Amino acid sequence: QLQASGGGLVQVGGSLRLSCAASTFLFDGTYAIGWFRQAPGKEREGISCISISDGDTYYRDSVKGRSTISTDNAKFTVSLEMNNLKPEDTGVYYCAAAWPRTQCGSSWTVGAGMDYWGKGTLVTVSS
């Protein structure tokens, strides 16, 4: 249902665009789709999400201001562009979908209630 891509090795201060290809039913307007990451030795944390129907977004404080989440409804994809990358952005990034779409908010950081998970894509930020 979800397939993440776009990870790789990036230098500090660089940019990266992650993409999540979703099954079409996840774009029926009732779901929220977003991103989690798991840094080495740490728990998985939610970092951003978007409500498919109205475009409401949420960003974790640590990525706010240097990240943009967006959708391409024609291609059924959700993208996360991250700029000014820092070593602490290193980790495995996962996309996930939750019903209903109102789960996109501060509770996204916890990660409870996700209905679908994609396989992760590794992002390494190197100095």
Side-chain angles (χ1 to χ4, degrees):
Q1 287 86 358
L2 295 165
Q3 180 65 51
S5 62
L9 178 63
V10 186
Q11 289 192 332
V12 170
S15 299
L16 197 67
R17 186 179 182 90
L18 303 177
S19 292
C20 177
S23 297
T24 57
F25 76 91
L26 294 173
F27 272 71
D28 70 358
T30 64
Y31 286 88
I33 298 177
W35 293 89
F36 289 76
R37 72 180 174 200
Q38 186 165 21
K42 295 187 177 181
E43 294 186 354
R44 188 163 53 189
E45 61 182 14
I47 57 172
S48 183
C49 58
I50 187 166
S51 171
I52 299 300
S53 64
D54 57 18
D56 284 350
T57 59
Y58 166 80
Y59 298 94
R60 189 182 189 92
D61 285 348
S62 59
V63 303
K64 193 179 296 182
R66 58 189 184 94
S67 299
T68 302
I69 191 169
S70 60
T71 66
D72 184 332
N73 291 0
K75 296 182 178 180
F76 306 105
T77 60
V78 175
S79 296
L80 180 69
E81 183 169 350
M82 299 183 68
N83 303 305
N84 190 23
L85 286 164
K86 306 174 182 180
E88 52 263 41
D89 292 319
T90 294
V92 179
Y93 283 68
Y94 302 85
C95 58
W99 187 95
R101 60 180 178 83
T102 50
Q103 291 203 57
C104 181
S106 58
S107 63
W108 191 268
T109 59
V110 179
M114 298 298 112
D115 295 286
Y116 301 98
W117 291 92
K119 292 183 180 179
T121 185
L122 177 63
V123 173
T124 303
V125 183
S126 173
S127 57

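Along the sequence shown, residues are numbered consecutively beginning with 1. Keep in mind the model is a prediction, meaning the values are calculated, not measured.
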* Asked: Do other residues, nucleotides or ligands put more than 12 heavy atoms under 6.0 Å from the CD atom of Q38?
  -> yes

* Would you mind listing every ring-ring contact (aromatic ring centres under 6.0 Å, His included) that reaches into residues 73-97, with sequence neighbours excluded? => F27-F76

* **L18 vs V123 side-chain heavy atoms within contact, under 4.5 Å** => yes

* To do: Using the test side-chain hydrogen bond (donor to acceptor under 3.5 Å, both in side chains), find all partners of D56 that sit at least two apart in sequence or belong to another chain.
  => none

* To do: State which residues pass side chain to side chain contact (heavy atoms under 4.5 Å, CB included) with S70; sequence neighbours excluded, sorted by chain then number.
  => R17, S79

* **Atom of I33, atom of A97 and distance for their closest heavy-atom approach** => CG1-CB, 4.0 Å

* **Residue pairs, two or more places apart or on separate chains, that pass ring-ring contact (aromatic ring centres under 6.0 Å, His included) and touch residues 103-127** => F25-Y116, F36-W108, F36-W117

* Asked: Got L16 and D89 here, is their nearest side-chain heavy-atom distance under 4.5 Å?
  -> no

* Could you grab the distance from atom OG of S127 to atom NZ of K86, nearest 0.5 Å is fine? => 14.5 Å

* With sequence neighbours left out, which residue pairs that include part of residues 31-63 fulfil the disulfide (SG to SG under 2.5 Å) condition? -> C49-C104

* Listed partners of Y59 passing side chain to side chain contact (heavy atoms under 4.5 Å, CB included), at least two apart -> S48, T57, V63, K64, S67, T68, I69

* Asked: Which salt bridge (charged side-chain N to carboxylate O under 4.0 Å, His left out) pairs, counting each pair once, include a residue from residues 3-12, with sequence neighbours left out?
  -> none

* Structure fact -> Those residues at least two apart in sequence (or on a different chain) that pass side chain to side chain contact (heavy atoms under 4.5 Å, CB included) with P100 are T102, Q103

* Asked: Given side chains that start at C-beta, do those of T121 and S5 come closer than 4.5 Å, heavy atoms only?
  -> no

* **Distance (rounded to the nearest 0.5 Å) between Q1 CD and T24 OG1** => 10.5 Å

* Scan for disulfide (SG to SG under 2.5 Å) pairs involving residues 7-40, sequence neighbours excluded, and state none if there are none. => C20-C95

Got a list of side-chain donor-acceptor pairs under 3.5 Å for residues 39-46, not counting sequence neighbours?
unit_1, atom_1, unit_2, atom_2, d
E45, OE1, R60, NE, 3.4
E45, OE1, R60, NH2, 3.2
E45, OE2, R37, NE, 3.0
E45, OE2, R37, NH2, 3.4

* Asked: Linking I/L/V/M/F/W/Y whenever any side-chain heavy atoms sit under 4.5 Å apart, do I50 and Y31 land together?
  -> yes

* Structure fact -> d(M82 CE, R66 CZ) to nearest 0.5 Å is 5.0 Å

* Could you state the interatomic distance from CG (D72) to OG1 (T77), rounded to the nearest 0.5 Å? -> 4.5 Å

* Does any non-hydrogen side-chain atom of L26 lie less than 4.5 Å from one of I52? -> no

* To do: Taking salt bridge (charged side-chain N to carboxylate O under 4.0 Å, His left out) as the test, write out the residues that go with R101, two or more places apart.
  => D54

* Mind checking whether L80 and L85 sit in one hydrophobic cluster, side chains of I, L, V, M, F, W, Y counted as touching below 4.5 Å? -> yes

* Asked: Would you say L9 and V125 are hydrophobically clustered, going by side-chain heavy atoms of ILVMFWY under 4.5 Å?
  -> no

* Structure fact -> For T90, the side-chain hydrogen bond (donor to acceptor under 3.5 Å, both in side chains) test, sequence neighbours excluded, returns none

